[in-house]
2 protein chains.
Amino acid sequence: MRWEPGARERLQESALELFARNGFDQTTTAEIARSVGLTERTFFRHFSDKREVLFYGQQELVRVFLEGIEAAPAGLTPLEVVAASVQSAAAFFPDERRSFSRTRQTVIEQNPALQERELHKMGALSEVMGQSLRARGVTEPAATLAAESAITVFGVAFAQWISEGELRSFADIAADVFRELVSLTGTATSL
Amino acid sequence: MRWEPGARERLQESALELFARNGFDQTTTAEIARSVGLTERTFFRHFSDKREVLFYGQQELVRVFLEGIEAAPAGLTPLEVVAASVQSAAAFFPDERRSFSRTRQTVIEQNPALQERELHKMGALSEVMGQSLRARGVTEPAATLAAESAITVFGVAFAQWISEGELRSFADIAADVFRELVSLTGTATSL
DNA sequence: GTCTATAGTGCGATAGAC
DNA sequence: GTCTATCGCACTATAGAC
(Lines give C-alpha, C1' and ligand atoms only; values in the text may rest on other atoms or scores of the structure.)
Protein backbone atom coordinates (compact mmCIF):
# COMPACT_ATOMS: atom_id res chain seq x y z
CA MET A 1 0.00 0.00 0.00
CA ARG A 2 1.33 3.40 -0.91
CA TRP A 3 -0.07 5.21 2.08
CA GLU A 4 -1.33 4.27 5.49
CA PRO A 5 -4.74 5.66 6.34
CA GLY A 6 -5.21 8.36 8.95
CA ALA A 7 -2.29 10.49 7.85
CA ARG A 8 -3.90 13.60 9.31
CA GLU A 9 -4.47 12.09 12.72
CA ARG A 10 -0.96 10.68 12.85
CA LEU A 11 0.46 14.06 11.94
CA GLN A 12 -1.57 15.76 14.66
CA GLU A 13 -0.60 13.29 17.33
CA SER A 14 3.08 13.33 16.49
CA ALA A 15 3.14 17.10 16.17
CA LEU A 16 1.74 17.61 19.66
CA GLU A 17 4.33 15.24 21.05
CA LEU A 18 7.20 16.97 19.29
CA PHE A 19 5.96 20.43 20.26
CA ALA A 20 5.60 19.37 23.89
CA ARG A 21 9.05 17.82 23.94
CA ASN A 22 11.11 20.27 21.87
CA GLY A 23 8.98 23.39 21.56
CA PHE A 24 6.90 24.71 18.69
CA ASP A 25 9.57 26.87 17.06
CA GLN A 26 12.22 24.19 17.41
CA THR A 27 10.08 21.68 15.53
CA THR A 28 10.04 21.97 11.73
CA THR A 29 7.18 20.89 9.53
CA ALA A 30 9.56 18.60 7.67
CA GLU A 31 10.42 16.94 10.96
CA ILE A 32 6.79 16.32 11.81
CA ALA A 33 6.14 14.88 8.38
CA ARG A 34 9.22 12.65 8.50
CA SER A 35 8.24 11.37 11.95
CA VAL A 36 5.19 9.68 10.44
CA GLY A 37 6.77 8.70 7.12
CA LEU A 38 5.47 11.56 5.00
CA THR A 39 6.99 14.57 3.28
CA GLU A 40 6.70 18.22 4.16
CA ARG A 41 4.59 18.84 1.07
CA THR A 42 2.00 16.39 2.30
CA PHE A 43 1.90 18.12 5.67
CA PHE A 44 0.75 21.24 3.89
CA ARG A 45 -1.89 19.35 1.97
CA HIS A 46 -3.56 18.52 5.25
CA PHE A 47 -2.93 21.74 7.12
CA SER A 48 -2.96 25.20 5.65
CA ASP A 49 -0.16 26.21 7.97
CA LYS A 50 2.04 24.83 10.72
CA ARG A 51 -0.15 26.01 13.59
CA GLU A 52 -3.27 24.47 12.16
CA VAL A 53 -2.05 20.96 13.01
CA LEU A 54 -3.01 21.74 16.63
CA PHE A 55 -6.46 23.08 15.81
CA TYR A 56 -7.79 21.01 12.96
CA GLY A 57 -10.80 19.04 14.09
CA GLN A 58 -12.49 21.74 16.12
CA GLN A 59 -15.44 21.83 13.74
CA GLU A 60 -16.82 19.13 15.98
CA LEU A 61 -16.68 21.41 18.98
CA VAL A 62 -18.43 24.10 16.95
CA ARG A 63 -21.07 21.59 15.93
CA VAL A 64 -21.79 20.64 19.53
CA PHE A 65 -22.13 24.29 20.51
CA LEU A 66 -24.58 24.92 17.69
CA GLU A 67 -26.60 21.81 18.43
CA GLY A 68 -26.91 23.04 21.98
CA ILE A 69 -28.38 26.30 20.76
CA GLU A 70 -30.76 24.64 18.33
CA ALA A 71 -31.93 22.15 20.92
CA ALA A 72 -32.73 24.84 23.48
CA PRO A 73 -36.47 25.24 24.09
CA ALA A 74 -38.18 28.38 22.86
CA GLY A 75 -38.88 30.91 25.57
CA LEU A 76 -35.43 30.89 27.09
CA THR A 77 -33.57 34.18 27.27
CA PRO A 78 -30.52 34.52 24.98
CA LEU A 79 -28.16 34.01 27.89
CA GLU A 80 -30.03 30.91 28.99
CA VAL A 81 -29.75 29.58 25.46
CA VAL A 82 -26.00 29.98 25.30
CA ALA A 83 -25.67 28.54 28.79
CA ALA A 84 -27.43 25.43 27.51
CA SER A 85 -25.04 25.46 24.56
CA VAL A 86 -21.97 25.49 26.81
CA GLN A 87 -23.47 22.65 28.85
CA SER A 88 -23.92 20.66 25.66
CA ALA A 89 -20.30 21.37 24.71
CA ALA A 90 -19.22 19.96 28.06
CA ALA A 91 -19.62 16.52 26.49
CA PHE A 92 -16.45 17.36 24.64
CA PHE A 93 -14.46 17.51 27.84
CA PRO A 94 -14.88 14.33 29.82
CA ASP A 95 -12.48 13.78 32.69
CA GLU A 96 -10.38 11.35 30.62
CA ARG A 97 -9.51 14.25 28.38
CA ARG A 98 -8.14 16.54 31.06
CA SER A 99 -4.58 15.31 30.72
CA PHE A 100 -4.51 15.67 26.95
CA SER A 101 -6.06 19.13 27.21
CA ARG A 102 -3.43 20.17 29.72
CA THR A 103 -0.57 19.11 27.46
CA ARG A 104 -2.08 20.85 24.49
CA GLN A 105 -2.77 24.03 26.44
CA THR A 106 0.76 24.09 27.82
CA VAL A 107 2.11 24.07 24.29
CA ILE A 108 -0.26 26.83 23.21
CA GLU A 109 0.51 29.03 26.18
CA GLN A 110 4.20 28.90 25.41
CA ASN A 111 3.79 30.41 21.97
CA PRO A 112 2.15 33.73 21.06
CA ALA A 113 1.44 32.62 17.50
CA LEU A 114 -0.52 29.67 18.83
CA GLN A 115 -2.40 31.87 21.26
CA GLU A 116 -3.38 34.07 18.35
CA ARG A 117 -4.72 31.10 16.45
CA GLU A 118 -6.69 29.91 19.43
CA LEU A 119 -8.29 33.28 19.98
CA HIS A 120 -9.18 33.38 16.32
CA LYS A 121 -10.89 30.00 16.55
CA MET A 122 -12.84 31.16 19.58
CA GLY A 123 -13.79 34.32 17.70
CA ALA A 124 -15.08 32.25 14.82
CA LEU A 125 -17.07 30.12 17.23
CA SER A 126 -18.59 33.24 18.74
CA GLU A 127 -19.59 34.44 15.29
CA VAL A 128 -21.46 31.31 14.30
CA MET A 129 -23.15 31.24 17.68
CA GLY A 130 -24.27 34.81 17.08
CA GLN A 131 -25.65 33.78 13.69
CA SER A 132 -27.51 30.88 15.21
CA LEU A 133 -29.03 33.15 17.84
CA ARG A 134 -30.13 35.64 15.20
CA ALA A 135 -31.73 32.76 13.31
CA ARG A 136 -33.76 32.14 16.47
CA GLY A 137 -34.94 35.74 16.35
CA VAL A 138 -32.53 37.28 18.83
CA THR A 139 -31.78 40.83 17.73
CA GLU A 140 -28.53 42.78 17.78
CA PRO A 141 -26.61 43.58 19.83
CA ALA A 142 -28.06 40.97 22.18
CA ALA A 143 -27.05 38.06 19.94
CA THR A 144 -23.42 39.12 19.72
CA LEU A 145 -23.23 39.95 23.42
CA ALA A 146 -24.71 36.60 24.41
CA ALA A 147 -22.39 34.71 22.07
CA GLU A 148 -19.31 36.56 23.31
CA SER A 149 -20.36 36.02 26.90
CA ALA A 150 -20.67 32.32 26.24
CA ILE A 151 -17.12 32.24 24.89
CA THR A 152 -15.90 34.19 27.90
CA VAL A 153 -17.55 31.77 30.30
CA PHE A 154 -16.26 28.84 28.30
CA GLY A 155 -12.71 30.17 28.44
CA VAL A 156 -12.76 30.84 32.16
CA ALA A 157 -14.33 27.45 32.85
CA PHE A 158 -11.82 25.66 30.65
CA ALA A 159 -8.86 27.32 32.36
CA GLN A 160 -10.27 26.27 35.70
CA TRP A 161 -11.02 22.74 34.49
CA ILE A 162 -7.40 22.07 33.51
CA SER A 163 -5.88 23.81 36.53
CA GLU A 164 -3.80 21.80 39.00
CA GLY A 165 -5.88 19.80 41.44
CA GLU A 166 -9.27 20.66 39.96
CA LEU A 167 -11.63 17.70 40.24
CA ARG A 168 -15.07 19.04 39.32
CA SER A 169 -16.50 18.23 35.91
CA PHE A 170 -16.38 20.79 33.14
CA ALA A 171 -20.17 21.09 33.20
CA ASP A 172 -20.24 21.90 36.92
CA ILE A 173 -17.53 24.51 36.61
CA ALA A 174 -19.20 26.16 33.64
CA ALA A 175 -22.51 26.39 35.48
CA ASP A 176 -20.79 28.08 38.40
CA VAL A 177 -19.03 30.57 36.14
CA PHE A 178 -22.32 31.43 34.44
CA ARG A 179 -23.86 32.18 37.81
CA GLU A 180 -20.90 34.39 38.65
CA LEU A 181 -21.40 36.33 35.43
CA VAL A 182 -25.06 36.92 36.18
CA SER A 183 -24.38 38.08 39.70
CA LEU A 184 -21.61 40.34 38.41
CA THR A 185 -23.87 42.22 36.05
CA GLY A 186 -26.83 42.04 38.40
CA THR A 187 -25.17 44.18 41.02
CA ALA A 188 -24.40 47.07 38.69
CA THR A 189 -26.77 49.94 39.35
CA SER A 190 -25.18 53.07 37.96
CA LEU A 191 -25.42 52.11 34.32
CA MET B 1 20.93 64.77 8.95
CA ARG B 2 21.54 61.11 8.36
CA TRP B 3 17.93 60.06 8.77
CA GLU B 4 14.61 61.77 8.83
CA PRO B 5 12.87 61.51 12.20
CA GLY B 6 9.65 59.65 12.62
CA ALA B 7 10.68 56.60 10.64
CA ARG B 8 8.27 54.42 12.58
CA GLU B 9 5.32 56.67 11.96
CA ARG B 10 6.14 57.03 8.28
CA LEU B 11 6.39 53.27 7.93
CA GLN B 12 3.04 52.79 9.65
CA GLU B 13 1.30 55.38 7.52
CA SER B 14 2.70 54.13 4.26
CA ALA B 15 2.05 50.50 5.16
CA LEU B 16 -1.63 51.16 5.82
CA GLU B 17 -1.90 52.94 2.49
CA LEU B 18 -0.22 50.12 0.59
CA PHE B 19 -2.24 47.44 2.36
CA ALA B 20 -5.47 49.28 1.62
CA ARG B 21 -4.56 49.76 -2.03
CA ASN B 22 -2.90 46.44 -2.91
CA GLY B 23 -3.77 44.05 -0.10
CA PHE B 24 -1.71 42.83 2.85
CA ASP B 25 -0.25 39.71 1.23
CA GLN B 26 0.55 41.53 -1.99
CA THR B 27 2.61 44.12 -0.13
CA THR B 28 6.11 43.06 0.88
CA THR B 29 8.02 44.44 3.82
CA ALA B 30 10.78 45.51 1.43
CA GLU B 31 8.23 47.50 -0.55
CA ILE B 32 6.97 49.32 2.54
CA ALA B 33 10.51 50.16 3.59
CA ARG B 34 11.46 51.38 0.12
CA SER B 35 8.35 53.56 -0.05
CA VAL B 36 9.73 55.70 2.76
CA GLY B 37 13.40 55.46 1.78
CA LEU B 38 14.44 52.78 4.24
CA THR B 39 15.67 49.20 3.96
CA GLU B 40 13.82 46.04 4.87
CA ARG B 41 16.24 45.52 7.74
CA THR B 42 15.16 48.80 9.24
CA PHE B 43 11.52 47.80 8.98
CA PHE B 44 12.22 44.79 11.17
CA ARG B 45 14.17 46.92 13.62
CA HIS B 46 11.00 48.87 14.28
CA PHE B 47 8.45 46.07 14.08
CA SER B 48 8.93 42.53 15.26
CA ASP B 49 6.93 41.23 12.32
CA LYS B 50 5.04 42.46 9.28
CA ARG B 51 1.66 42.58 10.97
CA GLU B 52 2.90 44.60 13.89
CA VAL B 53 3.20 47.70 11.72
CA LEU B 54 -0.59 48.01 11.98
CA PHE B 55 -0.72 47.56 15.74
CA TYR B 56 2.31 49.29 17.16
CA GLY B 57 1.24 52.19 19.33
CA GLN B 58 -1.66 50.54 21.09
CA GLN B 59 0.09 50.72 24.45
CA GLU B 60 -1.52 54.14 24.65
CA LEU B 61 -4.94 52.61 24.36
CA VAL B 62 -4.04 50.14 27.06
CA ARG B 63 -2.83 52.97 29.24
CA VAL B 64 -6.11 54.85 28.88
CA PHE B 65 -8.09 51.74 29.80
CA LEU B 66 -5.98 51.22 32.91
CA GLU B 67 -6.19 54.87 33.94
CA GLY B 68 -9.95 54.57 33.70
CA ILE B 69 -9.91 51.65 36.11
CA GLU B 70 -7.55 53.34 38.54
CA ALA B 71 -9.52 56.56 38.51
CA ALA B 72 -12.81 54.83 39.28
CA PRO B 73 -14.11 55.62 42.76
CA ALA B 74 -14.08 52.87 45.37
CA GLY B 75 -17.45 51.29 45.99
CA LEU B 76 -18.32 50.72 42.35
CA THR B 77 -19.08 47.16 41.30
CA PRO B 78 -16.50 45.49 39.01
CA LEU B 79 -18.73 45.97 35.99
CA GLU B 80 -19.22 49.63 36.81
CA VAL B 81 -15.46 50.02 37.07
CA VAL B 82 -14.81 48.57 33.63
CA ALA B 83 -17.67 50.60 32.20
CA ALA B 84 -15.90 53.71 33.45
CA SER B 85 -12.73 52.37 31.89
CA VAL B 86 -14.35 52.00 28.48
CA GLN B 87 -15.74 55.51 28.78
CA SER B 88 -12.28 56.79 29.50
CA ALA B 89 -10.97 54.92 26.45
CA ALA B 90 -13.56 56.67 24.33
CA ALA B 91 -11.22 59.67 24.30
CA PHE B 92 -9.15 57.59 21.91
CA PHE B 93 -11.89 57.60 19.31
CA PRO B 94 -12.98 61.13 18.53
CA ASP B 95 -15.16 61.62 15.49
CA GLU B 96 -12.20 62.83 13.41
CA ARG B 97 -10.72 59.40 13.75
CA ARG B 98 -13.66 57.46 12.38
CA SER B 99 -12.44 57.53 8.78
CA PHE B 100 -8.95 56.33 9.66
CA SER B 101 -10.39 53.60 11.87
CA ARG B 102 -12.64 52.46 9.05
CA THR B 103 -9.75 52.11 6.62
CA ARG B 104 -7.63 50.26 9.13
CA GLN B 105 -10.46 47.93 10.08
CA THR B 106 -11.21 47.17 6.43
CA VAL B 107 -7.63 46.03 5.95
CA ILE B 108 -7.72 43.89 9.09
CA GLU B 109 -11.00 42.27 8.18
CA GLN B 110 -9.64 41.18 4.84
CA ASN B 111 -6.86 39.13 6.34
CA PRO B 112 -7.14 36.31 8.87
CA ALA B 113 -3.57 36.77 10.07
CA LEU B 114 -4.36 40.37 10.96
CA GLN B 115 -7.57 39.38 12.69
CA GLU B 116 -5.55 36.97 14.79
CA ARG B 117 -3.16 39.68 15.81
CA GLU B 118 -6.01 42.01 16.70
CA LEU B 119 -7.72 39.42 18.86
CA HIS B 120 -4.42 38.76 20.57
CA LYS B 121 -3.99 42.44 21.37
CA MET B 122 -7.51 42.57 22.78
CA GLY B 123 -6.76 39.46 24.82
CA ALA B 124 -3.67 41.11 26.24
CA LEU B 125 -5.71 44.18 27.09
CA SER B 126 -8.24 42.03 28.87
CA GLU B 127 -5.47 40.41 30.90
CA VAL B 128 -3.99 43.63 32.18
CA MET B 129 -7.47 44.92 32.99
CA GLY B 130 -8.06 41.76 34.99
CA GLN B 131 -4.80 42.34 36.85
CA SER B 132 -5.75 45.90 37.60
CA LEU B 133 -9.11 44.78 38.95
CA ARG B 134 -7.49 42.17 41.15
CA ALA B 135 -5.17 44.88 42.46
CA ARG B 136 -8.33 46.73 43.53
CA GLY B 137 -9.39 43.66 45.46
CA VAL B 138 -11.77 42.11 42.95
CA THR B 139 -11.59 38.33 43.29
CA GLU B 140 -11.61 35.62 40.64
CA PRO B 141 -13.45 34.77 38.53
CA ALA B 142 -15.20 38.15 38.78
CA ALA B 143 -12.13 40.10 37.69
CA THR B 144 -11.60 38.07 34.53
CA LEU B 145 -15.30 38.07 33.69
CA ALA B 146 -15.56 41.83 34.12
CA ALA B 147 -12.45 42.45 32.03
CA GLU B 148 -13.61 40.14 29.25
CA SER B 149 -17.05 41.73 29.31
CA ALA B 150 -15.45 45.12 28.91
CA ILE B 151 -13.56 43.92 25.84
CA THR B 152 -16.75 42.44 24.43
CA VAL B 153 -18.64 45.69 24.89
CA PHE B 154 -15.72 47.62 23.48
CA GLY B 155 -15.64 45.43 20.39
CA VAL B 156 -19.36 45.64 19.74
CA ALA B 157 -19.34 49.40 20.31
CA PHE B 158 -16.34 49.89 18.03
CA ALA B 159 -17.94 47.91 15.21
CA GLN B 160 -21.06 50.01 15.54
CA TRP B 161 -19.07 53.24 15.73
CA ILE B 162 -17.37 52.66 12.36
CA SER B 163 -20.46 51.26 10.64
CA GLU B 164 -21.92 53.11 7.64
CA GLY B 165 -24.01 56.10 8.58
CA GLU B 166 -23.40 55.91 12.33
CA LEU B 167 -23.23 59.40 13.82
CA ARG B 168 -23.30 58.89 17.59
CA SER B 169 -20.10 59.28 19.56
CA PHE B 170 -18.14 56.25 20.66
CA ALA B 171 -18.91 57.04 24.30
CA ASP B 172 -22.67 57.13 23.69
CA ILE B 173 -22.64 53.86 21.79
CA ALA B 174 -20.54 52.12 24.43
CA ALA B 175 -22.89 53.24 27.20
CA ASP B 176 -25.85 51.82 25.26
CA VAL B 177 -24.09 48.50 24.69
CA PHE B 178 -23.26 48.24 28.39
CA ARG B 179 -26.92 48.73 29.26
CA GLU B 180 -27.82 46.03 26.74
CA LEU B 181 -25.40 43.64 28.39
CA VAL B 182 -26.86 44.26 31.81
CA SER B 183 -30.43 43.78 30.62
CA LEU B 184 -29.37 40.62 28.80
CA THR B 185 -28.04 38.95 31.91
CA GLY B 186 -30.69 40.46 34.11
CA THR B 187 -33.51 38.59 32.43
CA ALA B 188 -31.97 35.16 32.88
CA THR B 189 -33.80 33.27 35.61
CA SER B 190 -33.05 29.59 35.10
CA LEU B 191 -29.36 29.76 35.97
C1' DG C 1 24.16 45.08 6.70
C1' DT C 2 24.59 40.32 4.80
C1' DC C 3 23.40 35.56 4.97
C1' DT C 4 20.46 31.80 5.75
C1' DA C 5 16.83 28.62 7.62
C1' DT C 6 12.07 27.87 7.46
C1' DA C 7 7.32 28.65 6.15
C1' DG C 8 4.42 28.42 2.64
C1' DT C 9 2.98 28.39 -2.70
C1' DG C 10 2.43 26.71 -7.57
C1' DC C 11 2.61 23.29 -10.77
C1' DG C 12 3.29 18.85 -12.43
C1' DA C 13 4.19 13.85 -11.91
C1' DT C 14 2.95 9.44 -9.92
C1' DA C 15 0.62 5.87 -7.49
C1' DG C 16 -3.11 3.64 -5.80
C1' DA C 17 -8.54 3.25 -4.93
C1' DC C 18 -12.78 2.95 -7.26
C1' DG D 1 -11.25 5.86 -17.18
C1' DT D 2 -11.84 9.36 -12.57
C1' DC D 3 -10.57 10.84 -8.06
C1' DT D 4 -7.55 11.63 -4.43
C1' DA D 5 -3.24 11.18 -1.69
C1' DT D 6 1.43 11.70 -2.10
C1' DC D 7 5.77 13.41 -3.75
C1' DG D 8 9.41 16.50 -6.21
C1' DC D 9 11.10 20.62 -7.39
C1' DA D 10 11.64 25.38 -7.86
C1' DC D 11 10.48 29.47 -5.87
C1' DT D 12 9.44 33.81 -2.72
C1' DA D 13 8.94 36.22 1.67
C1' DT D 14 9.54 36.33 6.39
C1' DA D 15 12.33 36.58 10.13
C1' DG D 16 16.25 35.60 12.77
C1' DA D 17 21.31 34.73 13.10
C1' DC D 18 25.75 36.24 12.29
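When reading the values below, keep in mind they use all heavy atoms of this one structure, side chains included, and skip hydrogens, waters and symmetry mates. Naming: A, B, ... by sequence-line order, numbering from 1 per chain.
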Return the value, rounded to whole Å, for the distance between atom [atom1] of [X] and atom [atom2] of [N].
X         : N       : atom1 : atom2 : answer
Asp49(A)  : dT9(C)  : CG    : P     : 8 Å
Phe43(A)  : dT6(C)  : CZ    : C1'   : 12 Å
Lys50(B)  : dT6(C)  : NZ    : C1'   : 16 Å
Gln26(A)  : dA7(C)  : CD    : P     : 11 Å
Asn111(B) : dG8(C)  : CG    : P     : 13 Å
Arg45(A)  : dA15(C) : CZ    : P     : 17 Å
Glu40(B)  : dA15(D) : CD    : C1'   : 9 Å
Phe44(B)  : dG1(C)  : CZ    : C1'   : 15 Å

If you compare every side-chain N and O of [X] against the phosphate oxygens of [N] (OP1, OP2), does one of them come in below 4.0 Å?
X        : N      : answer
His46(A) : dT6(D) : yes
Thr42(A) : dT6(D) : no
Thr28(A) : dT6(C) : no
Thr29(A) : dA7(C) : yes

Less than 6.0 angstrom from the centroid, inside 45 degrees of the normal: does Lys50(B) satisfy that with respect to the ring of Phe44(B)? no
Tell me whether Lys121(A) is salt-bridged to Glu52(A), with the criterion being a basic N under 4.0 Å from an acidic carboxylate O. yes
Say whether Glu109(B) and Gln115(B), considering side chains only, have a donor N or O and an acceptor N or O under 3.5 Å apart. no
No-hydrogen, no-angle side-chain donor-acceptor test under 3.5 Å, Glu148(A) and Thr152(A): no
Take the angle between the ring planes of Phe154(A) and Phe93(A) and call it parallel below 30°, perpendicular above 60°, tilted in between. tilted
Between the base of dG10(C) and the side chain of Arg41(A), is there any donor-acceptor pair under 3.5 Å? yes
Judged by each residue's nearest nucleotide on DNA chain C, which is more toward the 5′ side, Phe47(A) or Thr39(B)? Thr39(B)
